[in-house]
**Q** 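Dumping the structure here so I can ask a few things about it.
This structure is a prediction, so every number in the text was calculated from the model and none was measured.
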Amino acid sequence: MTDAHDTITHAIPAAGAGAGFAHLPVLSIARSLTNPRKHFDPVFLQELADSIKATGVHQPILVRPLPAHRVADEQAWAKTEKRERAQYELIAGEHRWRACQMAGMAEIPAMIRDMTDAEALEAQVIENLQRKDVSELEEAEGFQVLMQHQGISADQMGAKIGKSRAYVYGRLKILDLCEEGRQALREGKLDYSCGLPIARIPNEQLQLKALQRAIAPHGGWNDGGRSRMSAREVQYMCQSEFMTKLEYARFDREDATLCATAGACSTCPNRTGANPDLFTDVDSADVCTNPPCFKAKEEAHAVRVRKQAQDMGCEIIDGRAAKELVPSAYSGGVTGYLRLDSPSDSPVKGKTLRKLTHKALEESGIKPTMVVNPHDEKELIAVVTPNQAEELLKMAGKAEAHKQLLADNERDAKQNEQNQKKQAEETYERDWRTEVARQIAVHTKEPSDACLVTAARMVTQHLATSLNGEYAKELCKMLELGKVAPKDAIRDLANDWAHPIALAGAILALRDKHYSPWYYEHNPSAPRNPELMAMAEACGVDVEAIKAQVKANMRAAAKQSANPAEGDTPLPPAARAGADGKGGKAKKSNNPAARAAEDAEKLSSAAATAGIAAALQSLSGDAAPGAAEAAQGDEAVPVAAAAAQAPAPLVTVKRPKPTAPAADTPASGGQQEPAGDAQDSADAQTAGKPLTPETRAGAAGKKVRVLSTVSKSMRVWIGEEGKAIELMGDCAVLVEFPAAPRCKPQTNSFDYSELEVIE
């Protein structure tokens, strides 16, 4: 039943009346062997199969009866697969035919047309070219097959498909790409616009070299280095590295006998002018695209010129002598000679000496000298001496040119003299410095004390320079060097200390104190602060005691945070005052270490006392009453009632002060002194004798005291007493000072004039 809106369709034409339409079994159709399309995207095929399964095929495929020459092969193939042989050959629509098989369709709509092989091939090529997703390589392969089968030219091919001659030539040229390049095109690693410049290189080895450069990661700034060369970059690379302008040729471009197999450059097919449609991006028609051929012609020309020079009896200079005459590959000048064929060596701008003196050169009998360019052995440079050039210019009647040549020679002579003087000065300055460095290196095999101290100071100053600002300030605070110009203060300290290498160790330890949880989590076997630990061991610092005290302080802080009511003990004035010491509101520091110090100042007296008790117990091993409880954070009996109100500082090595002599000793004056007077006597200290160069030799093993004559950075040691344990160099004395229990003694070196022996 129909209505007014139905479309009336006509009956299928009878056989012999043209193309027929039918629903054919999918398995009755064999794929074509000449289809230009070789690649079928599996993702697209699956999407097409899903669509066909849902709504069917909307556009019929084109087939023809299976040609007679394929029947036997198809029969054998069908027998192998145990099926009926195909009766039709697919001409167009292979995507739809494959998708129907994937979708499990039994039949497919098809247009059936009687076609010859040539008509089938033409239909396939043109049908594929009309699609947007056909690749340039598939398009080129289709052009090639159709042109070969029908015997048509590129111009005729362009007219058949409605494309220009340059378009067809560009597509066909891509077929000259090496197999690796074609594969890169199929896989999407290479674009057609990048592949065409490479395909124009007539040498396969050079094509491979250019291809590797083109598809390698190019180091894009915004994609992590994954991008490749652009089409413009590939074009530039191919022109600059795989093409040569013929205007630079040293040989005669019209000489067809130079290389018999190549012929003349003007008629060579590898010249850009031979096929301008392929080289629209090259700005000259006289460019050689075959570098190996160009190089072979240059070598043949050099051999010919050399033989001609030998036949004429010309002197030929090569090898080391030529290298002395032509030291630079860039200037091209020949020392002591003038080039006949270079305008740079001519007194007349734009004209060479050979052109100026052509007839005179032939009539004078002067034979030019041939210099083999040591930087390019294919080039022979024809030169004459300045005197020969003057004679030739006189004979040629070039008076002005002769006068100009004399002026140029005089100018060049002065310039050469200045250059030689400058070179001699540079050689002198470089050589004496090198010899000084060599002798220093030799002396380091058995270094003197002065060598060791100077080297240590230099190393320390360099390390001080490498410190960042925060670390420099921190080190200055540790060493009480002040707050102004911390790096300069540390460098000055390196000059003042008798053993600056120890300061270098302190700097390295400070730089190594950084703690990174992330790093140690991902590198569990990495050493923990090796430089910090090595210097701690060398200096006798009890690391475990410091760890215990820090833990005790943290427990005390945690206890105070949990029980704020216990913090009713008045804090010291410094703790109550603001950051400016005036009672104002303290500013919060951005530095983590500073914030930790500010938080520590807020501890209560009880928490501080408990922390000190636990730390003292861990250091001394004594079971002080209440210390264990304080360390665990429980209620504790008051310990060390006279302890400071502020939290305990980190463990430091304490140098003991000298005690006052007993009341009944001669040093006491034979009288009993009050406690305060006894302290005054201790401050006065026992009299001693300053060391002298004569008494220094016997100072080892004796008790000594540091005098007030020490340098500024060592004043903290004034009045300290220790034992001279070693003599160092000509002036220094190594002194060992007593330390706190369980800590190693401290050592430092002083000049003998800074010490006195205690009698």
**Q** Could you tell me whether R171 sits above the aromatic face of Y167, with NZ or CZ closer than 6.0 angstrom to the six-membered ring centre and within 45 degrees of the axis?
**A** yes

**Q** Do you know the tightest heavy-atom contact between L208 and C178?
**A** CD2-SG, 3.8 Å

**Q** Crowded around E425 CD? As in, over 12 foreign heavy atoms under 6.0 Å?
**A**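 Count not over threshold, so no.
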
**Q** With a 4.0 Å cut-off on N to O distance, would you call R186 and E179 a salt bridge?
**A** yes

**Q** Would you say that F294 contacts L246 through its side chain, given a criterion of any heavy-atom pair below 4.5 Å between the two side chains?
**A** yes

**Q** Roughly how far, to the nearest 0.5 Å, is the CD atom of Q156 from the CE atom of M147?
**A** 8.5 Å

**Q** I need the minimum non-hydrogen distance between S193 and A231, along with the two atoms involved.
**A**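 The pair with the smallest heavy-atom distance is OG-CB, 3.5 Å.
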
**Q** Side chain to side chain contact (heavy atoms under 4.5 Å, CB included), that's the test. Do V459 and H462 meet it? Break it down for me.
**A** CA-CA 5 Å; V459 170; H462 277 286; 5.8 Å; no

**Q** Under 3.5 Å, side chain of T465 to main-chain N/O of Q461, donor-acceptor pair present?
**A** yes

**Q** Please name the pair of heavy atoms, one in A322 and one in P374, separated by the smallest distance, quoted to 0.1 Å.
**A** O-CG, 3.8 Å

**Q** Does any N or O in the side chain of D512 come within less than 3.5 Å of the main-chain N or O of L532, such that one atom is a donor and the other an acceptor?
**A** yes

**Q** Rounded to the nearest 0.5 Å, what separates atom CG in L356 from atom CG in L340?
**A** 10.5 Å

**Q** Does the side chain of D252 reach to within under 4.5 Å of the side chain of L258, using non-hydrogen atoms?
**A** no

**Q** Which atoms form the tightest heavy-atom contact between G263 and K297, and what is the distance?
**A** O-NZ, 2.7 Å

**Q** Mind checking whether I490 and L503 have side chains closer than 4.5 Å, heavy atoms only?
**A** yes

**Q** Which heavy-atom pair separates I174 from E136 by the least distance, and what is that distance?
**A** CG2-O, 4.5 Å

**Q** Is there a side chain to side chain contact (heavy atoms under 4.5 Å, CB included) between F279 and M243? Walk through the geometry before answering.
**A** CA-CA 12 Å; F279 297 96; M243 295 184 187; 4.0 Å; yes

**Q** Does NZ in K209 sit with more than 12 non-hydrogen atoms of other residues, nucleotides or ligands closer than 6.0 Å?
**A** no

**Q** Can T335 and E324 be counted as having a side-chain donor-acceptor contact under 3.5 angstrom?
**A** no

**Q** Mark yes or no for whether K367, through its side chain, and M312, through its backbone, hold a donor-acceptor pair below 3.5 Å.
**A** yes

**Q** Kindly determine whether S266 and E254 satisfy side chain to side chain contact (heavy atoms under 4.5 Å, CB included), including the steps that lead there.
**A** CA-CA 6 Å; S266 57; E254 300 298 330; 2.9 Å; yes

**Q** Quick check: do E187 and I215 have side-chain heavy atoms less than 4.5 Å from each other?
**A** no

**Q** Just by distance, do the side chain of E315 and the backbone of T369 share a donor-acceptor pair under 3.5 Å?
**A**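 Absent.
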
**Q** Roughly how far apart are K189 NZ and C194 SG, rounded to 0.5 Å?
**A** 15.0 Å

**Q** If you draw a 6.0 Å radius around CZ in R320, do more than 12 non-hydrogen atoms from other residues or ligands fall strictly inside?
**A**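 No - once you tally the heavy atoms of other residues, nucleotides and ligands closer than 6.0 Å, there are 12 at most.
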
**Q** Using a 4.5 Å cut-off on heavy atoms from C-beta on, say whether the side chain of E180 contacts that of L211.
**A**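 Contact flag for L211/E180 side chains = yes.
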
**Q** Flag yes if more than 12 heavy atoms outside Q423 fall under 6.0 Å of its CD atom; otherwise flag no.
**A** no

**Q** Determine whether a donor-acceptor pair (N or O, by modelled atom type, separation under 3.5 Å) exists between the side chain of K487 and the backbone of L467.
**A** yes

**Q** Extract all donor-acceptor atom pairs below 3.5 Å that involve side chains of residues 286-293 and protein atoms in other chains or at least two apart in sequence.
**A**
unit_1: D286; atom_1: OD1; unit_2: R271; atom_2: NE; d: 2.8
unit_1: D286; atom_1: OD1; unit_2: R271; atom_2: NH2; d: 3.2
unit_1: T289; atom_1: OG1; unit_2: N270; atom_2: O; d: 2.6

**Q** Any side-chain to backbone donor/acceptor pair from S135 onto E138? Under 3.5 Å, distance only.
**A** yes

**Q** Could you tell me whether H375 atom NE2 has more than 12 heavy atoms of other residues or ligands within 6.0 Å of it?
**A** yes

**Q** So does E429 have more than 12 non-hydrogen atoms from other groups sitting under 6.0 Å from CD?
**A** yes

**Q** Taking the side chain as everything from C-beta on, heavy atoms only, tell me whether L175 gets closer than 4.5 Å to R182.
**A** yes

**Q** Mark yes or no for whether S466, through its side chain, and L463, through its backbone, hold a donor-acceptor pair below 3.5 Å.
**A** yes

**Q** Taking the basic N atoms (NZ, or NE/NH1/NH2) and the acidic carboxylate oxygens, is any pair closer than 4.0 Å for E435 and R438?
**A** yes

**Q** Working to the nearest 0.5 Å, report the span between CG of L177 and CG of L137.
**A** 8.5 Å

**Q** Y471 versus H514: any side-chain heavy-atom pair under 4.5 Å?
**A** yes

**Q** Determine the minimum heavy-atom distance between Y192 and L185, stating which atoms define it.
**A** N-CD2, 3.9 Å

**Q** In terms of side-chain geometry, is the basic nitrogen of D376 or R250 positioned less than 4.0 Å from the acidic oxygen of its partner?
**A**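 Looking at D376 and R250, the cut-off is met.
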
**Q** May I have the list of side-chain donor-acceptor pairs in residues 386-397 shorter than 3.5 Å, sequence neighbours left out?
**A**
unit_1: Q388; atom_1: OE1; unit_2: T385; atom_2: N; d: 2.9
unit_1: Q388; atom_1: OE1; unit_2: T385; atom_2: OG1; d: 3.4

**Q** Q239 vs D281, test: side chain to side chain contact (heavy atoms under 4.5 Å, CB included). Steps then yes/no.
**A** CA-CA 10 Å; Q239 290 186 31; D281 58 311; 3.1 Å; yes

**Q** Applying side chain to side chain donor-acceptor pair (under 3.5 Å), run through Q415 and N419 and close with a yes or a no.
**A** CA-CA 6 Å; Q415 185 64 44; N419 291 341; 3.1 Å; yes

**Q** Report the residues that fulfil salt bridge (Lys or Arg N to Asp or Glu O under 4.0 Å) with D277, sequence neighbours left out, ordered by chain and then residue number.
**A**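 In terms of salt bridge (Lys or Arg N to Asp or Glu O under 4.0 Å), with neighbours along the sequence ignored, D277 is linked to R165.
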
**Q** Within this structure, what is the CD-NZ distance for the pair E426 and K421, rounded to the nearest 0.5 Å?
**A**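 Between E426 CD and K421 NZ, I get 13.0 Å after rounding to 0.5 Å.
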
**Q** With rounding to the nearest 0.5 angstrom, report the CE to CG distance, M458 to N495.
**A**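 Reported value, rounded in 0.5 Å steps: 11.5 Å.
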
**Q** Charged N to carboxylate O under 4.0 angstrom, R304 versus D255?
**A** yes

**Q** Less than 4.5 Å apart, side chain to side chain, heavy atoms only: is that true for T460 and R457?
**A**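 T460 vs R457: side chains apart.
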
